[in-house]
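The structure appears right after this line, and notes come after that.
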Amino acid sequence: MSTKRKVYLDYVATTPVLPEVLEAMLPYFGDVFGNPQSLHFWGERAREGVEEARGQVAALVNGVAEEIIFTSSGTEANNLAVKGIAQGQVAKGKHIVVSAIEHFSVLHAARTLEKSGFEVTVVPVDNYGLVDPDEVAKNIRKDTVLVSIMHANSEVGTIQPIAEIAKVVKEAGALFHTDAVASVGNIPVDVRQLGVDALSLAANQFYGPKGAAALWLRKGVRLIPLMDGGVQEGGRRPGTENVPAIVGMGKAAELALKEMSQRAEKQRRLRDRLIAGILSAVEHVILTGHPERRLPHHASFCVQFIEGEAMLMLLNNEGIAVSSGSACTSRALKASHVLIAMGIPHEVAQGSLLFSTGLDTTDQDIDYVIEKLPPIVTRLRQISPLYARFLKERGG
Amino acid sequence: MSTKRKVYLDYVATTPVLPEVLEAMLPYFGDVFGNPQSLHFWGERAREGVEEARGQVAALVNGVAEEIIFTSSGTEANNLAVKGIAQGQVAKGKHIVVSAIEHFSVLHAARTLEKSGFEVTVVPVDNYGLVDPDEVAKNIRKDTVLVSIMHANSEVGTIQPIAEIAKVVKEAGALFHTDAVASVGNIPVDVRQLGVDALSLAANQFYGPKGAAALWLRKGVRLIPLMDGGVQEGGRRPGTENVPAIVGMGKAAELALKEMSQRAEKQRRLRDRLIAGILSAVEHVILTGHPERRLPHHASFCVQFIEGEAMLMLLNNEGIAVSSGSACTSRALKASHVLIAMGIPHEVAQGSLLFSTGLDTTDQDIDYVIEKLPPIVTRLRQISPLYARFLKERGG
Amino acid sequence: MPMYSDKVMDHFMNPRNVGEIKDADGVGEEGNPVCGDMMTFYIKVKDNRLEDVKFQTFGCGAAIAVSSMVSEMAKGKTLEEALKITPSVVAEELGGLPKNKYHCSNLGAQALRRAIKDYATKKGLKLEGLEGEEHEEAEEN
Amino acid sequence: MPMYSDKVMDHFMNPRNVGEIKDADGVGEEGNPVCGDMMTFYIKVKDNRLEDVKFQTFGCGAAIAVSSMVSEMAKGKTLEEALKITPSVVAEELGGLPKNKYHCSNLGAQALRRAIKDYATKKGLKLEGLEGEEHEEAEEN
Ligand SMILES: Cc1ncc(COP(=O)(O)O)c(C=O)c1O
Ligand SMILES: Cc1ncc(COP(=O)(O)O)c(C=O)c1O
């Protein structure tokens, strides 16, 4: 690709590690390299690092340190929650409820549970990607042990009414997990206020390192571990702790908590400019997800008559990095199950385009995108038989 | 603790990250922070880093890149291998064989399989911790789908005759996994020569970072993933790749391969000095594990009449970091199952002491240990009722 | 986009023969909205030769590159020669296509074939290579 | 070793009253080799008081510290007072013991009790607090 301006607008895919975070991590590769389980000076210092991070991560979601189980990814946290909690409650029943727009680490984990005799109910979402708490309530049965509904969706940005859903789940006597991977660190998340029993979060969504994530699990909730092995994380997640990454997650959590509102405010402003700019500069574009109840750094669209991967490639050629939920951009060649669940036709879902801003995003970046996107859309529409047909039908 | 000389002799617990390795990792926290699954410049560069590492890791065990599945720890690699391969072959049978001295991530994974209807045969070891290939052969049945025997044991250093065991397993028509977490990077490991079907390795055993490990899995072996989610690692290990750690593992693998023999030679010399020194300076000490067929950096003992944790604490007070397999040093308060399986009485196993040398170990470190250990042993024996009894019985 | 060859990238960035032929002698459409790639080919025939070929494509980079490549390969060929342009020949000419892209994006040859068939049907022609499998089973590359 | 309190560390590093009393009035042993901690307590009694207490311990840091603490607490006490030294009192006095260490290492009080019992048996004494549960169920702290 050419050496033009480079604009990263794919922060929901992953964020860079902040310099302060990396700095906090560095000693743990060198001097403080010990194994936290070791009974000596090196082990002790590593353990202190991990335990400090546990407190910092707990604070970010208003939990307590002992309720944090560190994992290696949001995917692992979700698998641990869904499989671990469901399997921990089999004495009570074998029914779980998830939404249609969950990340695959929840949705497919539920499918895997079906193979061992669980029943899974998938509740729908509306056109904005919202789950209706009443719909959840309606689907909870006597043998429902777990409901898992995500906090924010990373493809359309929609934020669910988790507190309301948690309330109906609690009243019905089931446990409630929320995948908050896309939200924690970006918007306030308080496990007590939300009233959930388990919550997944991942460091690389808030300027912490890859390889560190966590499940917050309310004290007393029974959990069958995914893995067997040593005594790390109270035996619930064995394996040598990824100390530097955990320490980095702690630091990133601390910073995210401190800077939350100013970060969000800046993101919201840039994001709103981007949305307004694109909607006015390009015809036949739909904003996907909820217009207000959405992540502050999130702007997602469907551009009609053209396909997402082609747009990605041409944007990339201009130095702009975004993502898409089109079939062609997925390894499985299926359009985003999220967009389809929201009632968007396959043809339209093909034009999915997803921008997410971050701490390094500038007004110039937004201007650049608003300048570069329209000719790309025009160019692809000129090749598109769907657009030609549309023009003919409209014209004639 | 006091600020005396500091001597780390617990390299089997974990190794520091080499400066060259950290240097290779650093860009991936900053500039090259992309998500390898992203279809743009940032994603592409991250993906290139991961794929280069895959080749480097494969080379270390003489495999090919596509056979490497990155995981977050040796524990995860072992769980994935044991559970994933066993569950992948249920059509054939539900019997597996492991040795009595496996790491808990194999042994307990096997126990978990029992809960879903598998039968597990645990083969014994001799006084040196060696598995007899004939014993394995005898225990393979028609419905045996998997045999998992570790390559080297991290508690007693013994290296198993894996090629011989793999041969009998292959002849009997079962699949063979070996946990080579303690050996890979320290001694030559060649999956083709060993003739295994799956092999676990972990970066933090050879100066790579924590949070990166791998399962080498022979092409064509069916595996049920531990986790559900995205398409990473060919769907066999979903979750955002821990790019910096994976890149670091690749670099560490490259260095380990290049420097293997000179590293091992140095370790062996230091280790032999340590063994000779301790055996001559302290009475009533047993070298555990095999005297020759052992890891080059590994020296393990049982010091009679006293207990390991107390020794660890006093050694730590002198700045010396080692580990122990005593009951008191384990969270579960059970003496090392490895020592017990080797026929060492509980009382003796309590005196377990485990030294492992590394790249930074010097002759002065060895001298220091040989100087500091004897008075510590004497001091604890003076408190010990077992030693008093021994003296009386010997005296009278 | 490293999974695309330079040739694919070139045809994607600079697609040849884009557009519609208003008075086409044959038109062929191929593709489906679930996979996400759809192509329309237009041909102009003179003396049994493809005097002009144009296409429109809705789809990913590979789909656009494939269409462009097919149009370029087809132009000037006799109808019989053009019918020998199969998905695997196109993929090879493009320096390979990513495995998972092969099936969906590689529909250009079929769209062209449909256009030729359209022409042949209108003209009442029987062409060698037109009978038989409408959809060549695309091999993986 | 951060899971040990300063008090535990002090008693481990500098254990009080280590040793054997050759002509002890009572000897008590406690512990088991699987857990890994074993303690022997020796007492010298004068006028119903523990004139001297010594111990030998095979075990971890906590076991050694507990023994030392028990010996220190017991010395000079009447037999009845000494019998009131329970595992939880010892743990408290030591500033707490790690949860998983409580059961195995905290056997010092029992060993002392056994030594007193040994003395009482020899002397034909009936002491208050000696009947009943030989093994106080150690509470978690
Ligand atoms: C032989 C062996 N296997 C597996 C493991 C587990 O590795 P990890 O703690 O990195 O998950 C270890 C760890 O020490 C080991 O020595
Ligand atoms: C909502 C949500 N949940 C879970 C995940 C999985 O996280 P990871 O890829 O870090 O395992 C993602 C990743 O994008 C996500 O957006």
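Chain A is the first sequence line, chain B the second, and so forth, proteins listed ahead of strands; every chain is numbered from 1.
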Could you tell me which non-hydrogen atom of [X] sits nearest to which non-hydrogen atom of [Y], and how far apart they are?
X: B/S73; Y: A/G239; result: OG-CA, 4.1 Å
X: A/W42; Y: B/G319; result: CZ3-O, 4.0 Å
X: A/G30; Y: B/P16; result: O-CB, 4.5 Å

Between [X] and chain A, with a heavy-atom cut-off of 4.5 Å, which part of the residue counts as in contact: side chain, backbone, both or neither?
X: B/N204; answer: side chain
X: B/A245; answer: neither
X: B/V322; answer: backbone
X: B/T14; answer: both
X: B/S116; answer: neither

**Request:** Check whether any side-chain N or O of B/N316 sits under 3.5 Å from a backbone N or O of A/H40 as a donor-acceptor pair, and report yes or no.
**Result:**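 No, B/N316 side chain to A/H40 backbone: no donor-acceptor pair under 3.5 Å.
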
**Asked** Within the side chain of B/K210, is there an N or O that forms a donor-acceptor pair under 3.5 Å with the backbone of A/F33?
**Response**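 Side chain of B/K210 to backbone of A/F33: a pair is present.
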
Which bit of [X] is near chain B, if near means a heavy-atom gap under 4.5 Å: side chain, backbone, both or neither?
X: A/L226; value: both
X: A/S105; value: both
X: A/T329; value: both

Below 4.5 Å, heavy-atom pairs only: which of [options] has the largest tally toward chain A?
options: B/D228, B/N79, B/V17; value: B/D228
options: B/A46, B/G43, B/G230, B/A321; value: B/A321
options: B/M227, B/H108, B/H103, B/R111; value: B/M227

**Derivation and outcome, side chain to side chain contact (heavy atoms under 4.5 Å, CB included), residues A/N35 and B/V12** = CA-CA 10 Å; A/N35 186 321; B/V12 298; over 6 Å; no

**Request:** Calculate, to the nearest 0.5 Å, the distance between atoms CE and CE belonging to B/M25 and A/M25 respectively.
**Result:**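 One gets 7.0 Å once the value is rounded to the nearest 0.5 Å.
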
**Asked** Within a strict 4.5 Å, meaning less than it, do heavy atoms of the B/T112 and A/I224 side chains meet?
**Response**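 Counting from C-beta outward, B/T112 and A/I224 never come under 4.5 Å.
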
**Asked** Just wondering, do A/L26 and B/L26 contact through their side chains at under 4.5 Å, heavy atoms?
**Response**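 Yes, close enough: below the 4.5 Å cut-off.
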
**Request:** Give a yes or no on whether A/E23 atom CD has more than 12 heavy-atom contacts from other residues, nucleotides or ligands under 6.0 Å away.
**Result:**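 Check fails, neighbour count at 12 or below.
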
**Request:** Using a heavy-atom cutoff of under 4.5 Å, enumerate the residues of residues 231-238 of chain A that contact chain B, numbered in order, or state 'none'.
**Result:**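 Contacts with chain B: A/V231, A/R237, A/P238.
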
